[in-house]
Amino acid sequence: MPIRRSSQTLNAFSMASMTDVIFLLLIFFMVLSTLVVPNAIKINLPSSQSSAPNEIVSAKITLTVAGECFLALGNSEAEQIPLDELQEYLQRAKGEQQEVTYAALYADEEIPYKEIVYVLNAANEAGIQLLLATKALNSNE
């Protein structure tokens, strides 16, 4: 005599437990996102519809610990210039090449703040926006 089983297996998969887990995860991340403050200072960042061009003609200003100042326009080689004549060089570059609107400042971390402010003012007077170059925190350089 064959033994009969009282329970039968269902062929359908029940999603009830899966939706409970997803709902709990949703609540968890919603509560967690209110606790994380990405910026303490509230700012309205500008938006852009297009990305920046790949080749922006710019100037590269390098300040060394020894007090030397180097200026490279576009892809040209850097040439050493006196720091007190930087504004004249930048104005001349702006006049010759209207595309020079940005300059990147590569300054050693030991450079006095006074010299960095001098370069900021020189670029501002020349009508060039200055970007400060930094290295990533996790780099080993």
Item to complete: Tell me whether the guanidinium CZ or amine NZ of Lys60 lies under 6.0 angstrom from the six-membered ring centre of Tyr106 and within 45° of its axis.
Response: yes

Rounded to the nearest 0.5 Å, how far does [atom2] of [Y] lie from [atom1] of [X]?
X	Y	atom1	atom2	value
Leu71	Ile81	CG	CD1	4.5 Å
Glu125	Gln87	CD	CD	5.0 Å
Ile22	Ile27	CD1	CD1	12.0 Å
Tyr113	Ile116	OH	CD1	8.5 Å
Leu130	Leu90	CG	CG	8.5 Å
Ile111	Thr62	CD1	OG1	10.5 Å

Practice prompt. Give a yes or no on this: more than 12 heavy atoms of other residues, nucleotides or ligands lie within 6.0 Å of atom CD of Gln80.
Written response: yes

Item to complete: Could you pull out the closest heavy-atom pair between Ala78 and Ala72, with the gap in Å?
Response: CA-CB, 3.7 Å

Worksheet item: Minimum heavy-atom separation for Leu86 to Ala122, with atom names?
Response: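 Here Leu86 and Ala122 meet closest at CD2-CB, 4.3 Å.
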
Worksheet item: Is there a chain of hydrophobic side chains (I, L, V, M, F, W, Y, each step under 4.5 Å between heavy atoms) that links Leu32 to Leu25?
Response: yes

Worksheet item: Any chain of hydrophobic side-chain contacts (each under 4.5 Å) joining Phe23 to Val31?
Response: yes

Using side-chain heavy atoms (C-beta onward) and a distance below 4.5 Å, is [X] in contact with [Y]?
X	Y	value
Glu79	Tyr89	yes
Val119	Leu63	yes
Asp84	Tyr118	yes

